[in-house]
Structure formats: structure tokens, C-alpha cells
Amino acid sequence: MNRWAACLVLVSLGAGCTKGSPDPRRPELAAGPNIHFEEATPEAGLNFTNVSGSPEKYWITDSTAGGGAVLDFDGDGFMDLYLVSGSRWDLKPGDPPPINRLFRNRGDGTFEDATARSGAGDPGWGQGAVAADYDGDGDPDLYVTNIGANRLFRNEGSGVFTDVTSRAGVPGPGWSTGAAFADADGDGDLDLFVVGYVAFDPRHPPNDGKPCAWQGLPVFCGPQGLPGERDIFYRSRGDGTFEEAVVAAGLGDQEGHYGFQPVFFDYDLDGDPDLFVANDSRPNSFYENRGNGTFQESAVLRGVAYNEGGRSQASMGVAVGDADGDGRLDLYVTNFDFDTNTLYKNNSDGFFEDVSTYSGVGPVSYRAMGWGAAFADFDNDGDLDLISVNGHLYPAVEGRPDFQGYEQRHFLFANDGRGRFAEGGEAAGITRRSCGRGVLVLDLENDGDLDLVILSLDGAPLVFKNETAGAGHWLKARPVGAGKNRDAVGARVTVRWGGRRSAGEVRRGEGYLSSMDPRPHFGLGAWTGPVQVEVRFRSGRVKEVQVESADRLIEVHEK
Amino acid sequence: MSRRTWPPNPLSVLKPFLGLALILAGCEPSVQESFTNIPSKQELLAKARKYYADRQWDEAIPLLLSLAENPGPDREEIRLLLAYSFGRSGRAQEALEPLLALLEENPFSSAALEELSRDYSRLGREADSRRCLEAAKRIDSRTAHRPGLPEGVEDSPSGRRLKEAMILADRGRAFQALRLFEEVRKDRPRDPLLLGSLGSLYAALHRPREALPLLKEALELGSGLPSAPLLRRHWLRCLAQAEGKEAFLKELGRLAPELASPKSAGDLSKEAIEIHLDELRDPPGAAALLARQRPALSPADTLILGARILIRQGSPEKALEVVLQGAPVLAGSPGEKSASGKDPRRAAVNAFVKEAPDPSEGEALLSLYEGSLGNAAEASEALLRSRNLEKLEGRRREILTRLKGAPLEGAAALYGELADLARTSGRRDDVMRFMEMARGLAPEALEIHRQAVKLFDRPEEVFLRLRALQDVLRLAPDDKPASSLAARLRQELRS
């Protein structure tokens with residue numbers, strides 16, 4: 001461009017004979033959410049405290065525990081909770097180890113401890129859990145990730161679980177973090193992907209057990225400088241057992257990344273699940289399903305390996321949802337403090353774009369340390385809002401004015417309908433700070449609005465009931481698959497109402513080391529009339545039903 | 001904030017005239033003000049960044065186009081933003097130009113290669129896309145696993161420069177990395193991370209005499225470094241190269257506690273056995289050590305090292321027997337085998353070919369295996385490859401001996417020869433490292449740059465080749481073949 005052309009550019013930028021008017025292409029941000037939660041922790045009765053190493057956090061193992069699963073283990077139609085605890089290195093023989101707990105929902109948002117009679121109280125050093133009906137017998141099973149051997153608990157249908165890990169052949173790597181189920185190869189049953197974090201040997205801790213320095217503070221060492229743990233893909237044989245198929249499926253983590261959370265989702269709408277893995281301090285991984293159960297790694301190409309600045313981020317939790325209402329699933333990844341959480345918009349050309357600044361989620365999150373996250377329509381207005389849970393890694397930051405504290409406030413981002421978000425967690429009633437890790441989104445009382453359980457390191461779960469005044473109408477559409485994939489994992493649910501459209505997907509394993517309410521939920525705003533529901537199952541079968549009015553839960557059966 | 005910048009905005013000279021013209025034209029004062037306050041380049045760039053962040057492509061693109069013409073430290077960022085804006089607004093073809101221009105100036109820009117990969121994919125040029133992606137991954141230190149980088153390194157300016165030097169070393173830019181390491185060393189003379197990284201780089205460049213004192217000091221100062229076991233292995237190898245068997249064995253004896261420790265014995269034993277084979281040419285010594293340290297080694301390492309020793313002892317048939325008997329271990333888990341449909345015996349031989357550091361040994365074993373199956377043609381091809389690789393290895397050892405005694409400043413030609421051999425042996429990482437070292441040591445040597453043009457012949461090395469061509473044309477502007485080759489490569493990349 002010559003100098004005269006440059007001058008013309010300047011003229012177009014800098015001049016005008018009248019004062020400028022607002023650019024109609026720039027959406028105004030919503031004034032703020034009218035979403036409202038009431039804390040209901042004491043009355044919920046979740047008598048559980050996460051235990052995770054020493055309070056001082058001497059080692060890296062002490063900092064990551066804190067996922068959980070939402071499931072209806074007894075088939076009464078109400079969502080129960082499985083909460084995961086870590087453990088302690090200094091347990092002496094005879095000390096009772098901390099155990100994971102299963103809580104039964106009484107139907108009114110209060111819970112009773114069902115751990116003892118269920119047999120699912122694993123005493124391992126827990127990290128997270130995924131609930132999924134892996135054997136297709138109609139009830140949800142539990143896969144628990146640990147530092148040490150993982151556990152697969154099969155639900156026997158009577159509220160009792162049996163440990164079938166050895167029989168199924170899914171012990172996982174040495175230190176597992178997140179896990180996710182999906183029918184990766186399209187053969188009708190659920191396969192399992194388990195992420196490994198660090199190859200940690202307590203007999204040989206890094207730096208000979210001495211602390212490392214971070215921002216002038218003594219903190220535990222790692223993960224930098226430690227060898228990464230491998231990820232494992234277990235392919236289901238269809239008889240309740242699995243075989244390792246990492247190399248055959250092309251899902252090998254050859255770099256030994258420090259993985260946290262995998263999420264299967266169909267990014268290109270071709271009907272098969274692709275896989276994103278959030279890796280701590282290393283490039284994220286993204287595996288495109290070739291359609292035959294083998295995968296091609298393409299995180300850099302697709303634009304999700306790094307943030308826009310080309311840097312690897314800490315990548316702890318992952319939320320998947322259609323943030324901007326264009327029908328494609330976007331990715332939200334939580335990160336370290338002094339770094340932004342990242343929203344990757346799924347463009348129509350097959351590539352993702354970091355829109356953290358544009359969307360508003362980036363600047364707000366810069367000083368917080370993010371973990372669990374989930375997209376959900378909390379005000380039932382037809383677009384997806386976002387919950388994003390925070391808490392620091394190092395207790396040593398407490399009291400230092402340059403940090404936001406060890407316990408941090410949590411973010412609730414309200415969507416303006418076009419993929420731009422305004423944060424208003426405290427205004428919405430999520431005022432309690434904690435050292436957050438996982439977050440569970442579920443409808444506690446089946447009243448049609450989505451509630452929250454925030455899981456915290458070394459703390460009790462915080463329960464927040466959704467009491468949004470004037471919230472919209474809603475529909476829950478639960479697909480039921482034929483055959484072994486009875487959970488219909490991978491099914492895409494599209495609802496159409498009053499000229500609008502929303503889409504969701506059935507997933508098992510997301511957020512931070514967690515799995516959410518298994519019933520896809522759609523806000524309908526003021527609409528109370530008929531709703532068209534289309535379910536495209538993993539098998540390719542499509543079922544369409546018309547629901548005559550809003551505010552109900554329906555099941556859509558594949559056969 | 002001062003509005004003065006250097007170099008001054010060339011448009012600023014027009015200010016008085018524009019102001020006068022506007023007064024004469026009778027425009028409102030606000031309009032006059034907007035003309036007379038012509039923004040500086042930095043202000044324009046800030047505005048472009050804002051448009052870009054707001055996804056206002058139609059505003060960002062013309063502004064970035066106007067800025068991309070000017071030389072300056074921001075040019076790389078401007079070209080990237082321009083390409084991103086084109087790519088995201090559906091104008092992928094137009095994104096190619098700024099990316100290609102950027103890559104000609106900096107072939108090591110992985111961000112540009114990644115975006116080029118996306119734009120080629122948007123244009124349906126999938127093979128080109130994949131090629132760029134591979135190139136980006138190869139030179140991008142972010143994708144490389146770098147054990148031993150402690151947290152907090154970047155907290156000081158010298159720490160950030162140290163990290164940059166490590167990145168340069170990761171990317172194969174050995175000469176630039178050496179320069180920067182030595183510069184930072186003045187500020188951090190006793191930093192074990194720096195000393196170890198610099199020592200390791202010298203070791204990778206086959207300069208054991210330079211590497212040894214650095215590695216020794218790094219190990220003394222930083223015995224707790226996560227990378228200490230790796231440094232110890234480099235130290236051992238350099239000792240064998242520089243001072244021979246006696247010194248090596250003495251040191252190995254001193255390392256008895258580490259060789260007995262479950263934490264370090266596996267990797268250390270493997271390295272020591274390989275040093276016996278590769279540096280000391282002592283298969284009996286390797287066999288004795290293998291027998292002693294076998295419990296510390298993984299089954300796969302035991303099999304591969306055992307087979308290597310047998311080949312070196314003149315018993316390749318026995319080596320093949322060992323590998324085939326070890327097929328269940330070497331070929332992967334039963335699940336993998338059944339899923340991939342691989343013949344486990346062939347998979348085991350392939351695993352050996354892949355793992356053996358001396359490629360001639362792998363080909364020798366493959367030749368025997370093909371022969372045992374009656375595949376005469378494949379067997380003789382593999383044998384031929386093995387013989388050729390053996391010759392190359394002999395030549396390589398000869399150059400390394402010469403390199404050991406040569407001053408670094410005069411070693412450009414030797415590195416050029418090593419790069420040549422590395423290409424023939426298929427060691428692509430060495431091609432880049434040695435060639436870049438040679439180019440850095442002798443920036444005015446036309447023949448070195450010509451050699452680089454010849455060696456960087458892979459599609460994914462096209463930008464390294466273009467950079468070398470620029471140097472050739474700098475030193476020999478009338479070199480018509482070089483000029484037409486550069487034009488052809490540019491044309492291929494654009495069309």
C-alpha cells in the first residue's frame with residue numbers, strides 16, 4: 001500500500017463530520033445477570049470433607065483432588081451425588097482413611113449418606129469420578145480416578161456397587177486425573193479414556209522433598225521438571241471388559257503431558273465423538289475421530305493447543321457448550337492466575353478461535369486460578385451461561401496483597417445471547433469463597449432450574465439452589481439408547497421452539513474431574529407452547545418428537 | 001504518556017498542511033483536530049489490536065495493511081495479526097502473503113507456520129497444511145518435552161534470556177544458542193541450569209572437551225536438579241569421547257551407588273552400555289555390564305541392548321533369535337497387536353530397527369529376518385542399506401575425531417560435513433543443528449550457505465531453504481540458479 005492509500009485509511013479511521021454513533025455490530029453487554037442462588041449448604045446435609053494431603057501442601061499430590069459425579073444410582077428420578085476425597089501421606093496403620101462418599105437425594109434437595117450400604121466408598125487417594133452405564137444394564141456405574149489404582153464400581157441395580165476393576169481391566173495409569181466415556185469406535189458400547197498427570201514416586205520426591213520457589217514463595221515442586229504420566233484409552237470388548245488400545249486408536253500421549261481433563265464432543269458435527277484433553281503447562285491435545293475409531297491429533301492445526309498468544313496454559317478444567325448459539329460446540333478452559341481462562345469459539349470453517357477477550361471471560365479471570373467449569377442455562381432464557389470455580393494452588397499466597405487469596409470467589413458469567421458474557425457471581429448469591437476444584441451442575445429438586453454444588457480442596461461441598469425470579473420455562477430431554485450405549489452418550493439433542501433453536505449433547509466426563517446431571521436441559525424463555533425435539537443418536541439414527549408444552553422431562557428412545 | 005516515537009511517523013510532516021487545508025475548507029473544529037492529531041504508528045497499532053480483539057475484521061485489515069509496509073520491531077506481530085484477520089474473515093488466500101513474507105524473514109516462527117497450516121487447510125491444500133504443521137512442531141520448543149526447567153526461571157531478565165537460549169537450542173539453532181548462553185553466563189556464572197544446558201549443547205555438538213568442565217560444575221552445584229541424571233549421562237559419554245576408556249571406567253566405578261539405586265540405575269546402566277558399544281567399541285565390556293545391571297533394566301531395553309551386543313560380536317543370527325523370542329515384549333501389548341493386526345515377530349524387528357541408535361545394526365537384522373522368510377529382494381536391499389550406513393558411520397567417526405581437535409571457530413566445514421552425513425543417514429534433527437551451526441560459524445562462507453540450500457530439501461524445510469537462499473544471494477547477487485530457485489519456491493508457496 002502506498003502512502004496515499006495509508007492516508008485514506010487514516011481518514012476513514014479518524015475523521016467524520018458528525019459525532020460517531022455506536023457500532024451496531026458491537027453487541028452491548030448484558031447489564032448483569034438476574035440469576036439468583038441461595039446457599040443451602042447446611043440443610044443439604046452433605047456431611048463430607050475433602051481431605052487432600054497436608055494443609056501446608058508439601059507435595060504436588062496434595063493439590064488436585066476434588067471431582068465428583070451426578071447420578072441417579074437408585075433409579076428414583078432424583079439426582080444423587082458421589083463426592084471424591086484425596087488422602088494423606090502421614091496416615092498411620094489403624095488410622096481410618098478418608099473415603100469417597102455417595103449421597104442419596106431425598107427428593108427435596110436434602111441428602112442422606114448411602115456410602116456404607118452401597119459399597120462405593122473407595123479409600124484410595126481420589127481425584128475424580130465419572131458416572132456412566134458402561135455395561136448397558138440401565139443403571140449408572142462409577143469410574144473413580146486415583147493416585148494409584150483406579151476403581152470401576154458396577155451398579156448391581158439395587159443401590160449396591162461391586163468393584164469390578166480387575167475383571168474389567170481398567171486400572172489406569174499411576175496417577176489418573178480425569179476420565180471420560182464415549183462410543184469412540186461406533187460399535188455400540190462405551191469406551192473409556194483416562195488421563196495421566198505426573199509420574200510421581202513418593203519415595204523419590206522432586207528436589208529431594210525440599211520446597212521450590214515460586215514468586216518468592218516456598219511451594220511444592222512440580223509439575224514442571226517431573227516426568228508426565230501417560231494417558232490410556234480402553235476399548236470396550238462389549239462384554240464388560242476392556243483392552244488397552246492407545247496406539248491402535250492413535251490416542252497416544254507420546255510427550256507425557258500433564259493431563260487433567262478429557263472431554264469427548266463432536267466438534268465438526270459428523271456424528272462421531274472427537275476428544276479434547278486439557279494439559280497442564282503443555283499444549284492441549286485434540287484428537288479428531290476419523291470415523292472408524294482411530295484418531296488424528298490436530299490441536300495445533302485446529303487452534304486449541306495454545307492460547308491466542310501462542311502460549312501453553314495451565315489448562316485444568318474444561319466446559320463444552322454452544323456459547324454463541326451458532327449450533328457448534330465451543331470450548332472453555334480454566335487456567336492459572338495471572339493468565340486468562342480461554343474461550344475457544346468453534347468457527348464454521350473447522351477451526352477454533354480464542355475469543356477470551358471479545359467474549360469477556362478473559363479479562364475477568366486474569367487474577368483468579370480456575371478449575372471446574374460448566375456451561376448451563378441458569379436463567380432458562382435460551383442461552384448458555386457459565387459457572388467457573390476458582391481457588392489457589394499454594395496456601396502460601398494467603399495474606400499476600402498481590403494475590404487474590406488461597407480461597408477465592410467463584411465466577412458466574414451471564415450470556416447476552418450472542419456469546420458475550422458479564423460476570424456476576426457474587427451478585428447472584430455465590431458469595432462464599434473457597435479453594436474450589438470441581439463443580440457439579442444438576443437439578444436438585446427436579447423443579448426445572450439448575451443448581452450448583454461447588455467442591456473444594458480440604459473443605460465441605462457448597463450447595464447453591466437456583467432461586468432466580470422470573471426464570472424462563474424449560475425442557476429436559478433425556479435420550480435412551482438401544483443396546484449397550486443405553487446412556488446414549490454422544491447423542492446430539494436439538495430443540496426448536498418459537499422460531500428459536502438450541503442444541504446439546506450427552507457427555508460423560510467434563511468440567512474438572514467430574515460428570516454432570518445426565519439429562520440435557522434447555523431453557524425456553526417465555527415460551528410455553530409446543531417444542532420440537534430431535535435426537536441424533538451415536539448410531540446415526542434420528543428420532544423426532546413433538547412435546548406439547550414446556551416444563552417437563554421427556555425420554556426419547558432410540559428404538 | 002509521551003507521544004514521541006522513533007523513528008518519527010513520516011505522516012507527521014503533513015500535519016500543518018492538513019490543518020491549514022481543513023481550516024480553509026471550513027470543517028468543524030473536531031474534524032480539524034482529528035486530522036491534525038495524526039496518530040503515531042504505535043497508536044495505530046494499538047487501534048488495530050483493539051479492532052482485532054473485537055473481531056472487527058473490516059476495520060482491522062486496512063489498518064494492518066498500512067502498517068505492514070513499515071520496517072520495525074512490530075512487523076512480525078503486524079503480519080501475524082493481518083494473516084489472522086484474513087483467515088478468520090474467510091479470506092484465506094490473502095492470508096498467505098503476510099505469512100510467507102514473515103517466514104522468509106524468520107523461518108523459525110512457529111506461530112506463522114501454524115497459521116499457514118490453517119490457511120492451507122481452509123483452501124483445501126491439506127498436504128501443504130500437514131507439511132507446515134509438521135515443520136511447526138519440529139521447530140517449536142513449546143511442543144518439546146524439556147525436563148529440568150524449574151519454575152521461576154522467568155522471574156528475572158537474565159532468567160528470561162536463559163530460557164530463550166534453551167528454546168534456541170531446542171529449535172536446533174545451535175550457534176545462536178551458544179552465543180546467548182555465553183552472554184547470560186556473565187550474569188549467572190554459577191547457575192547449574194545454565195551450565196548444564198550449555199554443557200549439554202556442547203555435548204550434542206560433539207565438543208566433549210568444552211562440555212566436560214561445564215557438566216562437571218553443573219553437577220557439583222545442582223545435584224538436586226531434576227535434570228541431574230541426564231547431565232550425569234552426558235558427562236559419562238563426553239568423558240569416554242574425550243579421555244577414553246580408562247577415565248570412563250574409573251568414573252563408572254565412582255557411580256556405583258547410582259548404579260545400585262532403583263531411582264537412577266535403569267537409565268544410567270543403559271547409557272553406560274551404549275557408551276561401551278558406541279564410543280569405546282567394546283562389546284565384551286558392554287556384555288559384562290549388561291549381565292551385572294540386568295535387574296535394573298526394562299525387559300525391552302535388555303533385549304535391544306543384548307541384540308546390539310550380539311551383532312557387534314559378529315553373531316547377528318543370535319541377535320535375531322533374541323529379538324524374535326522377545327517379540328511379546330518388543331511388539332507391544334496383546335490389545336495393541338490384535339487391534340492393529342500386526343505380526344508380532346515383524347513388529348519386534350521393526351521395534352529394534354527403530355530403537356537401535358546405530359541404523360546399520362537395524363538394517364542388518366532386518367536383512368536377516370527378510371532372508372529367513374525367503375524375501376530375497378528385501379533381504380538384499382536391507383543388507384545394502386546396512387553396508388552403506390556402516391560406511392557412513394565410519395566416515396562420521398573420522399570427522400568427529402577431527403572435530404575434537406579443531407578450534408570451534410574453524411569448525412564450520414566439519415559441521416557442514418556432519419550435516420551432509422546426517423542427511424544421508426536420515427537423521428534430520430542433526431541436519432538442522434549442524435547446518436545452522438556451520439552457517440553461524442561462517443556467515444560469510446558462500447559454499448556453506450549453498451550447502452544449506454542443498455540439504456534443506458524437504459518440503460517442511462522450505463523456509464530454512466529460503467533463508468539460506470537469501471544468504472547466498474546476499475553474497476552472490478548474480479547467482480541466477482539461486483535467484484530462480486527462490487522465485488520458484490515462493491511461487492509454489494503462494495499458488
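The structure presented is a predicted model; accordingly, all values stated were derived computationally and were not measured. Naming: A, B, ... by sequence-line order, numbering from 1 per chain.
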Next on the checklist: Just verifying a value: how many Å separate B:L80 CG and A:E308 CD, rounded to the nearest 0.5 Å?
Outcome noted: 10.5 Å

Item to check | Engaged part of B:S129 at the chain A interface, taking heavy atoms whose separation is under 4.5 Å | outcome: side chain

Checklist entry - Rounded to the nearest 0.5 Å, how far apart are OG of A:S298 and CZ of B:R130? => result 6.5 Å

Item to check | Note, A:F351 side chain near B:R122 side chain (heavy atom, < 4.5 Å) | outcome: yes

Checklist outcome for this item: So CZ of B:R118 and CZ of A:F352: to nearest 0.5 Å the spacing works out to 11.5 Å

Checklist entry - Should A:L301 and B:E114 count as side-chain neighbours, where that means a heavy-atom distance under 4.5 Å? => result no

Checklist entry - A:D349 and B:G87: which non-hydrogen atoms are nearest, and at how many Å? => result OD2-O, 4.3 Å

Checklist entry - Top residue by heavy-atom pair count (under 4.5 Å) with chain B, among A:R302, A:Q296, A:R203, A:K210? => result A:Q296

Checklist entry - Measuring from A:T357:OG1 to B:K50:NZ, what's the distance to the nearest 0.5 Å? => result 10.0 Å

Item to check | Most chain A-contacting option - heavy-atom pairs closer than 4.5 Å, from B:C132, B:S121, B:A68 | outcome: B:S121

Item to check | Structural part of B:Y120 lying under 4.5 Å from a heavy atom of chain A | outcome: neither

